[in-house]
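Take a look at the structure set out below.
Note on naming: letters A, B, ... go to the chains in the order of the sequence lines (proteins, then strands), and numbering restarts at 1 for each one. Values below: every heavy atom of this structure, side chains too, minus hydrogens, waters and symmetry copies.
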Amino acid sequence: MRRENPEATPMMRQYLDIKARHQDAVVFFRLGDFYEMFYADAELAARELELTLTGRGSREHKMPMCGVPYHAADNYIARLINKGYKVAICEQVEDPALAKGLTKREVIKVITPGTLMDEKLIPGQAANYLAAITSADTKAETFGLAFADISTGVFKAAELHGLDNLRAEILRVDPKEIIYTAAENPAGLETLATRVEQPGLASAQKILAHFPSDTSRDFAFENSPLALQAAAAVFNYFKAAQKTELKQLTRLEFYLPQNYMYLDSASRKNLELTETIRGGSKTGSLYGLLDKTRTSMGSRLLKEWLCYPLLDQTEIESRYAAVGELLNDLVARAELNELLKDIYDIERLIGRITNGNANARDLVYLKESLRVIQSLTPVLKQFSAPLLAALQDSARQKTMQEICVLIDKAIIDEPPLLVTAGNIFRDGYNAELDELRKINR
DNA sequence: CGTTATTAAGTCGAAC
DNA sequence: GTTCGACTCAATAACG
C-alpha cells in the first residue's frame, strides 16, 4: 500500500544518521560489494567521476544513487581527493550473515588531501602536509602554525608574527590542506580549509606525552602556546580522520622561522624556487634543475633546503664543506650514486609498517634499503666533513642488521602484494606453518 | 508470508 | 580479438 509520506527504510535512516555526522565529506557507504553514494553525494560523484546516476527505493520516492564495487574504490577515492574533496569511508562492521536485521555500519576513516597515507595517492618527491593555524583572538597579530605529513612522520610547529609572515610561511610549507581556528581562514588561499575548535592549552599539552620527552622543545612551547595549540589541532584532526593511535608520528619539532631567510610570496614566486611562474611546473624551476637526487627522501630534503635558506654562517659553512668534499671526490660520488638509487622511500615504508597497513613487499623493500645503507658506511668513512661523518654515526648498524636478518629469515624474496595470497613466509620460519602446509599438500 | 527482481562497475567465462 | 551476459552483495520493492 502506497503512503503519502513513507518513513525512510531502516538502512536509509542509518545512512542519514551517518551522513549527518559527515556533512563536509562524500560518504562511501558500503552496501555488500559496493560503495554507494546517495542524494547530493551521488550527484556530485556521478558528475566528477563519470558514474551512472541511478536510484534506489520505490518509484515515487526514488533517491539518487551511484556506486562502485569495493575492489575498484581506491581509484575513485583518489580522484575525489585530487579534486579537493573529503571522503568518509563507511564500512559494514559486523558479518551480515550473523547480523540480526540491518548490518551495523560505521565510518572507519575519513580521507582528506592532508591526511593521506596511501602511497598510490601521494607523489613521492613532495611532502603532503596538513597545516593548522591558531590565533589568540580575532585581532591578534600572533599566530601558531603547525604542519605534519602523516606518511613520513615529519611534524613541526612555530609561532609567527604578522599576517604577512604567516602567509609567507604557509606558502613555503605548501600544505595540501589547512585547518584554522579563527572565524576566517587567515591564510586566504585556495587550499582546502576547514574551521575547527581551538584546542585548550591544557588539552594541547597532553599531546606532548605522545612524543619522546624533550625539555628544550617543551620549554619553547611554554613560551609559544599558540604553536603548541596548532600542533594539537593537527594531531586531533589526524586522530579523528584515521581513528588510529598515530604511532607513525614519532617526533615533534619546534622551529624558529627567523633562523631561515625570509622570503615573501612574491620573491618565492619570481625566483621560481620550486615551480615556474607560468604553468607552475617543477621542470624549469630551480628545484627542477637541481634535483638529481636518488631517493624520495633526498628529493624532499632538497626542496626543504631550497625553501629554507640558512642564515647562520657556521651552518652554511658546514654544509659547504660537505658539498665540497663530495664534489671533489668523483669516484666516491659515483659509488654513492650507484648505492643510493636502490634505496626505497624508507620514511613512508616505516610509516606504513608502524600504522599496520604494510604488505610483505614493503618489508622486503625495507630490508633491501637497510642493506644498502649498511654498505654506505665504508664509502662515507673516506670523508671528514662533520655533516658526512655524522651520517656514519647515526647509522645504528646493529639494529639495522637485526631487522635485515629477521625479515630475511621470515619472508621470501618476492612475496605477493596481497596478504591473502599466501606464500609469504619462508619454509622453516614457523614450525606450525610448515606443518599446515605439509597437510595441505 | 516467502520468493524474485532490482541496483552500481568490474571480472570472468562463453560465444561469436 | 571482441562483445555479451552472468555474477559479485545487501537491502528492499514488488510480486505471488
Salt bridge (charged side-chain N to carboxylate O under 4.0 Å, His left out) pairs, two or more places apart, involving residues 90-101 of chain A: Arg30(A)-Glu91(A)

Aromatic ring pairing Phe235(A)/Phe155(A), orientation class (parallel under 30°, perpendicular over 60°, tilted between): parallel

Exercise: do Glu48(A) and Tyr85(A) side chains pair donor with acceptor under 3.5 Å: yes

Side-chain donor-acceptor pair present, Ser296(A), Ser299(A), cut-off under 3.5 Å: no

Side-chain touch Asp149(A)/Arg348(A), heavy atoms, less than 4.5 angstrom: yes

Positional range of nucleotides in DNA chain C within the contact set of chain A, heavy-atom, under 4.0 Å: dT8(C) to dA14(C)

Selection: residues 33-49 of chain A, any non-hydrogen atom under 4.0 Å of DNA chain B: Phe34(A), Glu36(A)

DNA chain C-proximal residues of residues 77-88 of chain A, any heavy atom under 4.0 Å: none

5' priority, DNA chain C, between His71(A) and Met11(A) [closest heavy atom]: His71(A)

Note, Ile412(A) side chain near Asp427(A) side chain (heavy atom, < 4.5 Å): no

Partner set under salt bridge (Lys or Arg N to Asp or Glu O under 4.0 Å) for Arg361(A), not counting sequence neighbours: none

Ring geometry between Tyr35(A) and Phe28(A) (parallel below 30°, tilted from 30 to 60°, perpendicular above 60°): tilted

Inter- and intrachain pairs under ring pair (Phe, Tyr, Trp, His ring centres under 6.0 Å), touching residues 89-140 of chain A, at least two apart: Tyr129(A)-Phe147(A)

Arg300(A) and Gln125(A): side chain donor to acceptor below 3.5 Å: no

Sugar-phosphate only, base, or nothing, as touched by Pro96(A) at under 4.0 Å among non-hydrogen atoms: sugar-phosphate

